[in-house]
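Working notes, structure below.
Because only heavy atoms are used, hydrogens play no part in the values below, and waters and symmetry mates are left out as well, while side chains stay in. Just so we're on the same page: letters track the sequence lines, and every chain starts at 1.
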Amino acid sequence: MPQAFYARCARAVAQSLLGKRLVRLIDGRRVAGIIVETEAYCDTDERDMACHGDRANNGRPTPRTAIMFGPAGYAYVYFTYGMHWMFNVVTGPTGKANAVLIRALEPVEGIEIMQRHRNGRSFHQLTNGPAKLAQALAIDQSLNGTNLCQPDGVIWIEDTPPIPPEKIRTGPRIGLGKTPEPWLSMPWRYWIDGNPFVSK
DNA sequence: ATGTTGATTGGCT
DNA sequence: GCCAATCAACATT
């Protein structure tokens, strides 16, 4: 997708990403899945206490969150719980910490490679969660700050026919812990209705 | 320098 | 449903 696709508010991008194809090149081979679940963190100008870029350091950039404050169309990859990687796409205007977390994929290409990275788990368990898809696609710190619009890159998102609006569901984001209201309950999680790879 | 916690997962009850 | 795993980032001292 072109940079202009990402340079919109996070909630618009999060919805538009549903149905698109996330492609990762591993040893020259395509490993890809359809995006079926996303979450928006920080819309263009609003506060969002669940967002790393808002919560840490009084909303100023830190070494970890600097990528989020940069231009749209780059990967924000971070490590959590001492063992998991999370893959986000940076959205919105430069200077604002906006991003969309990719929470689940429907596997479509390179399934054997995904299975190898996922320690032989079943097809259904390959990419039905944010840390699972990161592991399946071999996403780690080395991809933090990657330009997703780069012609010769190793990870990018391809266009597909849009999902009909009536197939898009929304609800509160997952795993926000002690994030205060109202952000805890804001319905900024999006998924494709009925898709079996949605995480919850 | 030290303490707390997390945008999760998988195993066990 | 409950909880351990495992550690970097961040807040506090």
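Within the 4.5 Å cutoff, no side-chain heavy atoms of R116(A) are placed close to those of I26(A). For the pair I34(A)/N195(A), no side-chain contact is recorded, criterion being any heavy-atom separation below 4.5 Å from C-beta on. V13(A) is not listed as a side-chain neighbour of N98(A), based on a closest heavy-atom distance of 4.5 Å or more.
Atom pair N88(A):CG and dG6(B):P shows a separation of 17 Å (rounding to whole Å applied). If you take CE of M186(A) and C1' of dA7(B), they are 17 Å apart, rounded to a whole angstrom. Atom C1' of nucleotide dG10(B) and atom NZ of K200(A) are separated by 12 Å, given to the nearest angstrom. What separates CG of L126(A) from C1' of dG10(B) is a distance of 15 Å, to the nearest Å. Atom CG of L101(A) is separated from atom P of dG6(B) by 16 Å (rounded to the nearest Å). Regarding Q141(A), its CD atom lies at a distance of 15 Å from the P atom of dC7(C), rounded to whole Å. To the nearest angstrom, C1' of dT6(C) lies 15 Å from CD of Q135(A). For N128(A) and dG10(B), the CG to P distance is 8 Å, given to the nearest whole Å.
Phosphate contact (OP1/OP2 of dG6(B), side-chain N/O of H84(A), threshold under 4.0 Å): absent. Under 4.0 angstrom from either OP1 or OP2 of dG10(B) there lies at least one side-chain N or O belonging to K132(A).
Using a 4.0 Å heavy-atom criterion, one finds that G129(A) contacts the sugar-phosphate atoms exclusively. Residue contacts shown for A131(A) are limited to sugar-phosphate atoms, with no base heavy atom under 4.0 Å away. Contact annotation for M86(A): backbone-only contact, meaning every heavy-atom pair under 4.0 Å involves sugar-phosphate atoms and none involves a base.
Closest to the side chain of Q125(A), from the set dT9(B), dG6(B), dG10(B), is dG10(B). When each of dA8(C), dT9(B), dA7(B) is scored by its nearest atom to the side-chain atoms of F79(A), the top-ranked nucleotide is dA8(C).
Within the shown strands, dA8(C) is the pairing partner of dT5(B) under the Watson-Crick or G-U definition, both distances less than 3.5 Å.
Side-chain N/O atoms of H52(A) and base N/O atoms of dA7(B) include a donor-acceptor pair closer than 3.5 Å.
Taking a 6.0 Å sphere around CD of E112(A), one finds it holds 12 or fewer heavy atoms contributed by other residues, nucleotides or ligands.
Residues of residues 102-123 of chain A that place a heavy atom closer than 4.0 Å to DNA chain B, in numerical order, are R103(A), R118(A), R121(A). Contacts between residues 54-72 of chain A and DNA chain B, defined by a heavy-atom separation below 4.0 Å, involve R55(A), M68(A), listed by number.
Toward the 5' end of DNA chain B, the nearer of the two residues K178(A) and I174(A), judged by each one's closest nucleotide, is K178(A).
A distance below 6.0 Å separates the ring centres of F197(A) and H124(A).
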Full working for side chain to side chain contact (heavy atoms under 4.5 Å, CB included) between W188(A) and R11(A): CA-CA 7 Å; W188(A) 294 343; R11(A) 302 204 291 264; 2.9 Å; yes
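Side-chain contact check for S16(A) and R8(A): at least one donor-acceptor pair (N or O, by modelled atom type) lies under 3.5 Å.
Without hydrogens or angle criteria, R118(A) side chain to Q125(A) main chain gives a donor-acceptor distance under 3.5 Å.
Only one option out of R24(A), R30(A), R29(A) pairs with E109(A) in a salt bridge (Lys or Arg N to Asp or Glu O under 4.0 Å); it is R30(A).
One finds the CG atom of L101(A) at 5.5 Å from the OH atom of Y41(A) (value rounded to the nearest 0.5 Å).
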